[in-house]
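Worksheet: one structure, shown below.
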Amino acid sequence: MLNLTLPQGELRHFAPDASAKLEVVFILLPPSEGKTAHATGDPFELAELSFPELSGARSEVLDALAEVSARPDAMEVLGVGASLANEVARNIALHTEPAARAHDIYSGVLFEALGYQNLDAASQARADDAILVVSALWGAVSFADRIPPYRLSMNAKLAELGKLASWWKKRLTPVLDELIGDQLVVDARSSTYAAAYKPSNGNAVAVNVYQLRGGVPKVVSHFAKHTRGEVARFLVQQDQAPTSIEQLLKLTESRWDAHLTEDKKGVALNIALAEDHQFTTAKVG
């Protein structure tokens, strides 16, 4: 049994299913708001993306996004400022944009901390197998999938499709649940993207990050994103993945001040950062 310390000081117990034979840890990440554009490269091929059963759904979102992005009120509908007009315009013809691997497209604090390019070959291979990026446009993609840069948030509401988190949830759930099965899921997504898919197997652990400020734990967005990226990097660097929540906690405690909590949303791995915590971009090794 695992002792879970709740914020209120109440003690509960969480017992993972001892009969489940877990062999792989899946890591769920949100996409970055910004994307890295590439000047050259072939366009993406819908049929080559992971989860080909989502091809029809992806085509619907691609068409809806192109239609919205060509409208005079595109910036308002997509919830972006005038400085992003070029990125919105690019949405109109994503089928012709140069594509690159997802790990080269997604950027920002979390992905810099993960540092895919600075991982050794074995860790990169594990990242390609383990990491799933839940996306408003693609539903979900692996790190090895070739995609173009785009501008679309899960918060957006496209006319015919409605709120994208709700639209994707019923389409992603059967596909990802079948892939994941009983295996351990480390969920490092923001709440916006977590709304699009909730693993059904009872073996999902959300990653929450806090920093002590005056002795009080506070959520600091850039520290949270960076630490989640570090957690993902740390996990794919392991020769043997954790196969239970207990193992995940023990492994995480070897590097961070961490504990588990449980509430109506499920189990969370809470990482506490010191008041003087600083971070740097991932380095080789």
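Position 1 is the first residue of the sequence, and the numbers go up from there.
Cation-pi geometry between Lys218 and Tyr210 is not met: the NZ or CZ atom fails to fall both under 6.0 Å from the ring centre and inside 45° of the normal.
The heavy-atom pair separating His38 from Ile105 by the smallest distance is CD2-CD1, 3.7 Å. Annotation for Ala102 and Val141: closest pair CB-CG2, 4.5 Å, computed over non-hydrogen atoms.
Side chain to side chain, Asp177 and Tyr197 meet the donor-acceptor criterion of an N or O pair below 3.5 Å. For the 3.5 Å distance criterion, the side chains of Asn201 and Asp182 fail to qualify, holding no donor opposite an acceptor. Remark: the Asp187 side chain and the Tyr193 side chain contain no N/O donor-acceptor pair separated by less than 3.5 Å. Side-chain atoms of Gln237 and Asp120 include no donor-acceptor pair closer than 3.5 Å.
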Quick one, Arg146 with Asp42, criterion side-chain contact (heavy atoms from CB on, under 4.5 Å). Give me CA distance, side-chain angles, the key distance, then yes/no.
CA-CA 9 Å; Arg146 294 180 62 259; Asp42 293 332; 3.7 Å; yes

Could you walk me through whether Trp168 and Leu54 satisfy the side-chain contact (heavy atoms from CB on, under 4.5 Å) test, starting with their C-alpha distance in whole Å, then the side-chain angles of each, then the deciding distance to 0.1 Å, before giving a yes or no?
CA-CA 10 Å; Trp168 273 116; Leu54 294 176; 4.2 Å; yes

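Residues Leu235 and Pro242 are in side-chain contact: their nearest non-hydrogen atoms beyond the backbone lie under 4.5 Å apart. A 4.5 Å side-chain heavy-atom check between Arg90 and Arg151 finds every atom pair outside the cut-off. Contact annotation: the side chain of Ile131 approaches that of Leu114 to within less than 4.5 Å [non-hydrogen atoms, C-beta and beyond].
Aromatic pair Trp256/Phe234: centroids less than 6.0 angstrom apart.
Atom CG of Asn86 is surrounded by 12 or fewer heavy atoms from other residues, nucleotides or ligands within 6.0 Å.
No donor-acceptor distance shorter than 3.5 angstrom exists from the side chain of Ser32 to the backbone of Lys35, with no hydrogens or angles considered.
No path of Ile, Leu, Val, Met, Phe, Trp and Tyr side chains, each step under 4.5 Å between heavy atoms, connects Val219 with Leu29, placing them in separate hydrophobic clusters.
Taking 4.0 Å as the cut-off between side-chain N and carboxylate O, Asp263 and Lys265 do not count as a salt-bridged pair.
Aromatic ring orientation, His103 versus Phe143: perpendicular (interplanar angle above 60°, classes split at 30° and 60°). Using the six-membered ring where Trp is involved, Tyr106 and Phe111 have ring planes that are parallel, under 30° apart on the 30 and 60° scheme.
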